[in-house]
Amino acid sequence: MDHAYAVETLGNFLEDVNIHVSKMEAANADQTGGMPWPDWPQDLVIELVRARKIVEVCDQHALSELNQYNSEGLAYWQLVRLAVTEALGHARHADDVDAFLRPKSPAIGADALHLWVWEPAAPLWAAEAHQDAVLAAARVVNRRLQLKLGRHDIGEMDLCMQSFDPKPPTEGKPRLRFDGDVDTPTWRARQDGAKYLSAGAFLGIRNLAAHEEQVTWTQQEALEYMATFSVVARWIEECTVETAT
């Protein structure tokens, strides 16, 4: 349901109902007959068709109350006013209510990301330079990978593909190895997963941050990208280096 549309429609309708009810209440209160009874509110009844549909979505109970009366008496229009007011309240606060009822979700703490990621990114993030923060994190992760393997001859993506490759290391091309039985499908799957995820992070995130003048990332997206590099950093730190014998 479009909450903004509901709020505007019900709000305008409620103003007209309040005017009509005020006239009817004034006529009832005037015992001398000096106050003319309002004409049957044809325009309001027509608008009520639309308002009913909105009330039905917002507050089914209020709609059932309305169905018990005819549209000619004061009591009916007082009920309309109450039902529309309640539905208007539901519409106005629908987003807040939804947020309150939504299951509580965990939050990513930026300062809990891997130190290789957050330390270079923190001052840039504080300056709201989120693109630069992601790029700084990626550069440090790459530098740490180079230092751990003693390799400065190839770029980030190629280095990731070679470092985590399950194939045996060769001269000048050491590998990163997770703990576990190298003969199991699980171990190989983990190596392949780290190989492609780390390479993808540099291809799909780092390159965009480095070569685009300005990306359209939201703060949440930038945080998720830094979290991706945090995972890569943890894998690099966790793994041992295997060299050719």
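Note that the structure is a prediction, hence the values are computed from the model and not measured. The basis for the numbers below is simple: all heavy atoms, side chains too, and nothing from hydrogens, waters or symmetry mates.
- For Gln131 (side chain) and Glu212 (main-chain N/O), a donor-acceptor pair under 3.5 Å exists by modelled atom type.
- Counting heavy atoms of neighbouring residues, nucleotides and ligands inside a 6.0 Å radius, atom NZ of Lys173 does not exceed 12 of them.
- Judged purely by atom type and a 3.5 angstrom limit, Arg177 uses its side chain to pair as donor or acceptor with the backbone of Pro166.
- One finds no salt bridge joining Glu156 and Arg151 here, because no Lys/Arg side-chain nitrogen approaches an Asp/Glu carboxylate oxygen to under 4.0 Å.
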Subject >> Derivation of the salt bridge (Lys or Arg N to Asp or Glu O under 4.0 Å) call for Glu238 and Arg190 >> reply: CA-CA 13 Å; Glu238 175 185 347; Arg190 192 178 186 193; 2.9 Å; yes
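- Listed by chain and residue number, Leu115 satisfy the side-chain contact (heavy atoms from CB on, under 4.5 Å) test with Glu119 (two or more places apart in sequence, or in another chain).
- Legend: residues meeting ring pair (Phe, Tyr, Trp, His ring centres under 6.0 Å) with Phe164, ordered by chain and number and at least two apart, are absent.
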**OP:** In sequence, state the C-alpha distance, the side-chain angles, and the governing distance for Leu197 and Trp235, and then conclude on side-chain contact (heavy atoms from CB on, under 4.5 Å).
**Re:** CA-CA 11 Å; Leu197 178 63; Trp235 285 344; 3.4 Å; yes
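- Put simply, Ile236 and Ile154 are part of the same group of oily side chains (I, L, V, M, F, W, Y) that touch within less than 4.5 Å, one to the next.
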Side-chain polar contacts of residues 140-147 - donor-acceptor pairs under 3.5 angstrom, sequence neighbours left out - could you list them?
none

**OP:** Would you please test Trp125 and Leu223 for side-chain contact (heavy atoms from CB on, under 4.5 Å) and show each step?
**Re:** CA-CA 10 Å; Trp125 192 270; Leu223 181 59; 4.0 Å; yes
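- Criterion: ILVMFWY side-chain heavy atoms under 4.5 Å apart, direct or through other members. Under it, Ile205 and Trp118 are part of a common hydrophobic cluster.
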**OP:** Give the C-alpha distance, both sets of side-chain angles, the deciding distance and a yes or no for ring-ring contact (aromatic ring centres under 6.0 Å, His included) between His130 and Trp217.
**Re:** CA-CA 8 Å; His130 300 141; Trp217 297 340; 9.6 Å; no
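- Counting only distance, with no hydrogens or angles, the side chain of Gln78 and the backbone of Val21 share no donor-acceptor pair below 3.5 Å.
- Side-chain atoms of Ser163 come within 3.5 Å of backbone N or O of Leu159 as a donor-acceptor pair.
- Proximity of a side-chain donor or acceptor of Gln191 to a complementary backbone N or O of Thr186 within less than 3.5 Å is not detected.
- With a 6.0 Å radius and a threshold of 12 heavy atoms from other residues, nucleotides or ligands, Asp179 has its CG atom at or below the threshold.
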Subject >> Glu242/Arg175 under salt bridge (Lys or Arg N to Asp or Glu O under 4.0 Å): CA gap, chis, key distance, verdict >> reply: CA-CA 5 Å; Glu242 182 182 17; Arg175 310 290 191 199; over 6 Å; no
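- Residues Trp187 and Met161 fall into different hydrophobic clusters, defined by Ile, Leu, Val, Met, Phe, Trp and Tyr side chains chained together at heavy-atom separations under 4.5 Å.
- By the criterion of side-chain heavy atoms lying less than 4.5 angstrom apart, applied directly or through intervening Ile, Leu, Val, Met, Phe, Trp or Tyr residues, Val241 is grouped together with Trp116 in one hydrophobic cluster.
- There is a path of hydrophobic side-chain contacts, each under 4.5 Å, that joins Leu208 to Phe202.
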Subject >> Audit row: Glu15, Asn18, side-chain contact (heavy atoms from CB on, under 4.5 Å) steps and yes/no >> reply: CA-CA 5 Å; Glu15 290 180 5; Asn18 283 333; 5.6 Å; no
